[in-house]
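Have a look at the structure below, then the notes.
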Amino acid sequence: MTITRKLRTLTATSALLASTIWPLAGLTAAHADTQDVNVPQGVGDAVLNNATVFGTTPANTPVTVTIALNTVNTQALQSYIQQTTTPGSSNYHQFLSVEQFANQFGQPEVVIQAITNYLSQYGISTTVFANHLAITANGTAGQFNQAFSVQLQNMIFGGKKFHGTKEAPKMPGNLAQPILAVLGLTNYGNFASHAVKPLPQLVRAKSTSSTSVPPGELTPAFVASHYNVNPLYKANDYGQGQTIGIVTLASVNPSDVYSFWNTLGLTTSPNRINLVNVDGGAGPVSLQTGSDETTLDVEQSGALAPQANIIVYQAPNTDYGFADAFFQAVSDNQAGSISTSWGESEPAIQATIASGQESPNYNQVFNEIAMEAAAQGISMFAAAGDAGAYDASRDVGTTQRSVDAPADSPYITAAGGTTIAGTQNYGSFSVTVPQERAWGWDYLWPYWQQFGASSETSFAEALVAGGGGGYSSMYAAPWYQSSFNNSSTAMHQEQHASGLSQFSAVPYLKPISGNTAWLFNPTPSVITSSSPGRAMPDLAMNADPQTGYAVYSTLFTSAYGSPWAQYGGTSFVAPQLAGVAALINQSQGGRVGFWNPQIYQFAQTSNSPFTPLDTSGTSNDNLYYTGQQGALFNPGTGLGIPDFAKLAASFTSAQNASGN
């Protein structure tokens, strides 16, 4: 079943009323009699100035633009979110409806109507999200050229063709002030999924049957056992009455997902998957566009919460598409937990301004959406990335340490990755991981000769993979991290009492030549340092494709000779968390809201639901960050690995103590 977009379109009467209210009145065709000012785009100069122009975009080309608006009363919003996650507060677990959020923190009706009035004078139709934080505008290239005083051109960059403008878009100053970013004048899409295939040398059983999972490939049953979900099932908690949201940039074939669940022997509703095509949808189901990502997201989340409904928000791989999918999911307010396994590095986002300095605009769009979700009690999860401490090596090809967005938002739970203990079989040799550790493929580097590499240096530089983690350069440490006592023992209290800025690391790969190359050190010593910024991930589970999960898709048959494939990546952890969150919401009789402030408090208790991965050195790193003995947090694995039954009990204890 396909769900149509539930947005409110302005009526002629409401638009007429807006034209009588100052100071946003009196707009005429062409431009208003107020000075035009620049408004920020989503994709900026680092892409546009290096793109090759191969023609003017025809004036009749359909164009979709999203105008993201600033929240109002932002400090009050931040305070309210803190109160909803603080036991004892009168607002603890008291969440807002979308209408309440719009009235308190969205833009006033008069502002929105003035912007839509202005665009309508150029023939551009508009639809407003119920949260009053975004307007979707549809028109032609020629109409947007006039409305924003630009000239859209056809461009190519990084092998991708798109339309865009190197000119700063302009609007009348009194309309531009509440605008956070204009997304879609440039429709360059740089988001990548965080699903990773194992190295081809790994010996894996093959199966052409749709009725059996190949031996050795993990299923959600492993998650339920290894991370202690099973006690929730024993209490008859299967996610009944809950809804999971998946935000994605590729389409899914629901029949593949149902086949996966049937193979696992799960009893599910035949109509539990609902598809929402945002901005026209994500196009045809295809491995090339990332449909395997969406497939595994739905398979994993739905298997862990087999009685929950699932809404899949499918959008085109563009900045406006990704933002609109989030706006839609949060404004619908049907899902109590939402996950995404798509993202891009902060350095890629910092390309939104010419100087390369921190941008408060484009990334803030996703941060605002996450804040709304938190205020409405939605638990949001995002994959932390699959290039270890070097996220930008995947998209912009640079070697500086960096983290992934939107997982970097302080209002999203960043899902990190581990490698589980065990022996991996490569035929002529094997590799043993003695205990669960941060995922970093440096444990494979010493076997460079067996893998046929010319040197360990070349092998290491080709195998930059691991659980995303580190420190944001765009967001400061949030309150729940800056006040965190990162120590489990009294002797370490003083060392770790100043939040999470201090860390240990093993510098295998030193960025050199202006972050364009690495200097490889095969035997690094542990160093200690500090860094400001939001630390991530927040927690971690198995994500290494060498110890990865089974995915079922009929698309695999022609590509791999079997409908089954083994994958890994933090792509799995985010939807798994969304599925477990549905179970926890059911166990609590309602939404528990934004996880982070609550789980950071739980982690500091004597009955913590997390096992910190605090081993220090090269046996527990994400290619850079490692643990500190006695520390509760590791920038490679966050608070550590969860015990979900204990986590549910922690939420129950906090609720009981609050007395709300």
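Inspection of the S97 and E99 side chains reveals no N or O donor paired with an N or O acceptor under 3.5 Å. Side-chain atoms of T413 and N596 form a donor-acceptor pair, as typed in the model, at a separation below 3.5 Å. A donor and an acceptor atom, one from each side chain of S409 and N367, are located under 3.5 Å apart. Side-chain atoms of S269 and N271 form no donor-acceptor pair, as typed in the model, at a separation below 3.5 Å. Side chains of S125 and N138: no donor on one and acceptor on the other come within 3.5 Å. Between E346 and S472, the side chains place a donor N or O and an acceptor N or O closer than 3.5 Å (distance only, hydrogens not considered). Between the side chains of Q300 and Q576, a donor-acceptor pair is found at a separation under 3.5 Å. D324 and T66 are linked by a side-chain donor-acceptor pair at a separation below 3.5 angstrom, with hydrogens and angles left out of the test.
Judged purely by atom type and a 3.5 angstrom limit, Q143 uses its side chain to pair as donor or acceptor with the backbone of T140. The backbone N or O of F105 sits nowhere less than 3.5 Å from a side-chain atom of N73 that would complete a donor-acceptor pair. In this structure a side-chain-to-backbone donor-acceptor pair under 3.5 Å is present from R272 to A308. The backbone N or O of A147 sits less than 3.5 Å from a side-chain atom of Y118, completing a donor-acceptor pair. At distances below 3.5 Å, at least one donor-acceptor pair connects side-chain atoms of T61 with backbone N or O atoms of P58. The backbone N or O of G239 sits less than 3.5 Å from a side-chain atom of Q586, completing a donor-acceptor pair. Between the side chain of Q314 and the main chain of V276, no donor-acceptor pair closer than 3.5 Å is present. A donor-acceptor contact shorter than 3.5 Å is absent between the side chain of E293 and the backbone of S291. D332 places no side-chain N or O within 3.5 Å of a backbone atom of Q334 that could act as its donor or acceptor partner. At distances below 3.5 Å, at least one donor-acceptor pair connects side-chain atoms of D395 with backbone N or O atoms of S345.
By the 30° and 60° cut-offs, the orientation of the rings of Y549 relative to F572 is parallel. Ring geometry, F327 versus F129: the interplanar angle falls from 30° to 60°, so the pair is classed tilted. Using cut-offs of 30° and 60° on the angle between ring planes, the pair F322 and F366 is tilted. Classification of the Y258-W261 ring pair by plane angle, with boundaries at 30° and 60°, yields perpendicular.
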Assess the residue pair T554 and D256 against the criterion (side chain to side chain donor-acceptor pair (under 3.5 Å)); give the C-alpha distance rounded to whole Å, side-chain angles, the decisive distance to 0.1 Å, and a yes or no.
CA-CA 7 Å; T554 51; D256 285 341; 3.1 Å; yes
Test side chain to side chain donor-acceptor pair (under 3.5 Å) on D279 and Y320; report intermediate values, then the result.
CA-CA 9 Å; D279 293 336; Y320 72 87; 5.7 Å; no
Which is it for S379 and S337 under the side chain to side chain donor-acceptor pair (under 3.5 Å) test, yes or no, and what are the steps along the way?
CA-CA 5 Å; S379 306; S337 60; over 6 Å; no
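Under a cut-off of 6.0 angstrom, the local environment of CD in Q151 is crowded, with over 12 non-hydrogen atoms contributed by other residues, nucleotides or ligands.
Across A374 and I81, no two heavy atoms sit closer than the pair CB-CG2, 3.8 Å.
To the nearest 0.5 Å, atom CH2 of residue W595 and atom CG of residue D538 are 10.5 Å apart.
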